[in-house]
Amino acid sequence: MKSLFKISALTVAMTLSGLASATAETLRVGTEGAYAPFNSVSQDGAIEGFDVDIGNAICAVMEVECEWSVHDWGGIIPALNANKFDFMVASMAITPARQKAVIFTDPYYYNAMRFVKLKDVDLDDAKPETLKGLTIGAQQGAVSAKVLDDWFADSDIKLFPKLGEALMDLESGRIDLVLASQFAIGDWMNDGVDCCEFVGESFLMDGTVGAGIAFRKDDAELQARVNKALKTIMDNGTYDEIRKKYFEFDIMSKPGYVSELFNQ
Amino acid sequence: MFELYFGEMSRWNDGLILTAVMSTLSVVIGFFVALPIALARSKSKGILGFLALGYVNIFRGVPLLVLMFLIYYGSGQFSRELRGLGLWWFFRDAYYCGLLALVLNTAAYQAEIIRGSLDTISASVLETNAALNLTPWTSFRRVLLPIAFAKALPPLGNEYILMVKATSLLAIITVFDLMGQARMIFSETFDLRVYYIAAAHYLVLVLLIEWALRRFEARIKWMA
Amino acid sequence: MTWLNSLSYGSGGWGDELLHGLGVTLGLAIATFPFAIVLSFLIHWAKVSRYTPVRLFGRAYTTVFKSLPEILTLLILYYQSQAIVSWVVETVAPGSHLSISPFVAGMMALAFVISAYGSEVVRAALNAVGKGQFEAAASLGLSPFNAFFKVILPQVWRHAIPGFGNLWVILLKDTSLVSVITLFELTHVATLAINTTRQPFLFFGLIAVIYVLLVTLSTRAQKQIEKRVSRGFIREENGDV
């Protein structure tokens, strides 16, 4: 509750920062806040998750104050470029299209996507030919939407502003499958959902390198500093501690690409 | 700017058509839903009038965004029950859900518009009808309704324009109208100019509708 | 009765968060309304200005903000105003930042939209007061400034209250759109609650009821105010000269 008040205190006033930066440097970090377990807004209004812990660890190494805010996924890159915050830790996959608009650090994990299906839908594998005619949901502007567009032209594709909304529609049976981050889906299924199960293998979109921290193009200096701090937390064990908090398995192993999977 | 428009031409056109179709459908269906409500508001002092007032107050009070979420995701929560009732085919479809929300909303506003114009039709018209031995139904259908419609046309035209704008909320329930396409292109290109192109579409669409309405009003002015 | 738990007040339920969201909703509407009213007068004057560019501006303003969906106006203002402000701040004081919060962007967008309609309320109200009042005030030697604030404005309110009352209701409901740019108002809190509880019917149904109550209360209050300000006036609705 307290932090919800804090958020609204920030939202009520225009936030002026940087002018009085003589003491401690404050950096503004943006995320989506609707992508558990990576970033979400808890019931008491706190912005939390793997991304947030990683971001805070990086800020600790850099000895700066970090101030988090949440932004709609569809407009998060424009928000960064409009200087609404200084850098973004939002599990954003590094893709060539996005690299035209922003710059990234090295990947901080590999966010492979995987299909989740209704248990009622009879499927052994998720390939373009087996999913023909079925309705698949994904988040608008996410890499999974691009994969569906490129590879699953014979399926009915439905795009949602938020991942949670796609999953709600899956649970109610409006759609047959969702394609999204296997970790985000796993988190949702651990939450007492028994409608659905994974199908097929996990994969990355061609051209993606992994999830990276994003910056404005003219902010290469900050990018270098954060990249260095990211290396530090990966080397000194902080990263693994955070990872263990959320995942029992390695998330730095790189899955195969979609084209290796679907091009026989 | 040009490549954002011409490069995505088919998506812009799809969105424009959907916006035009959904807003027109909702206004037309909404009109027929509004008629009995307006009559109940205007003529009935009993339970019907009370129910009609309740309808108007509720659906003018709920923000359309909330109504759409409620109908679409709210019904999803009861998909099993709705299947049992044989209604799921309707609620399963985002287009139907969106149209339902738009119709419920516009019917409340249109009912008040039509009631207003029904109330201004003078008693002498009714007396004349009685003198001509018209049955109440014929009198309503052939005389009252056309006059009420002609009188209500300017505010109904405004309502049409409001619905063109209201369809922009369909995108939140996965129906890709003009605004939905714009948000999709925006989320792929990260270019703010996409929204200016959408704005230009709406501006032209609304101005066209206003122009058409003015011409139509001029033609049936004698009735009002 | 798990649904009752999810609405409870405190750390187990969303009751306190919803209440806070309601506060932000009301705060946004209350903060926006005065701006919208002042803008309504300014835009009306622009539209009747004797300077053609000003007049054209007034007309373009109303056309644009009445034609664009509120949500589009909001998104454009949210991103565009930030780009402009950032550019200005960067030029004036390099290295510092000024963020336009969703609250401020919401205020701007809603005030622009409401005032486009409000300028027509002002026009009708001024017409109802009549030009004669202004001329009479002028002949008594009052400056145009005094004539407006001492003679015209007190009379305008009586005619403008129904129109502005309607706009207040529209404003109240339109605040829900600001949830799209992640302002933590009532609708946004409900979507957050649904993210974790997966009970869309309960939460959207509940906030729908809250909005209806707010609108009903507003309409009641408006009727009271109308009664108050028309005390001392004979019923002249039909015979207003």
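Here the structure is a predicted model, which is why all the values come from computation and not from measurement. Order of the sequence lines sets the chain letters (A, B, ...), proteins ahead of strands, with each chain counted from 1.
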Interface moiety of [X] toward chain C, non-hydrogen atoms closer than 4.5 Å:
{"X": "B:Y72", "value": "neither"}
{"X": "B:L192", "value": "side chain"}
{"X": "B:L178", "value": "neither"}

Inset, instruction - Sort out for me which of C:T216, C:I76, C:V215 touches chain B most, counting heavy-atom pairs under 4.5 Å. - result: C:I76
Legend entry - Step-by-step side chain to side chain donor-acceptor pair (under 3.5 Å) determination, C:T187 to C:Y211: CA-CA 10 Å; C:T187 306; C:Y211 281 109; 2.8 Å; yes
Under 4.5 Å from any heavy atom of chain B - which part of [X]:
{"X": "C:Y78", "result": "neither"}
{"X": "C:V212", "result": "both"}
{"X": "C:T63", "result": "both"}
{"X": "C:S176", "result": "both"}

Legend entry - Pair B:R11 + B:E188: basic N to acidic O under 4.0 Å: yes
Legend entry - N-O pairing of B:E217 and B:R214 below 4.0 Å: no
Inset, instruction - Keeping the roles fixed (side chain from C:Q82, backbone from C:I100), state whether a donor-acceptor pair exists under 3.5 Å. - result: yes
Inset, instruction - Work out which heavy atom in C:A105 is nearest to a heavy atom in C:L74; give both atom names and the distance. - result: O-CD1, 4.0 Å
Legend entry - Partner chain C: residue of B:Q77, B:M179, B:R183 with the largest heavy-atom pair count (under 4.5 Å): B:Q77
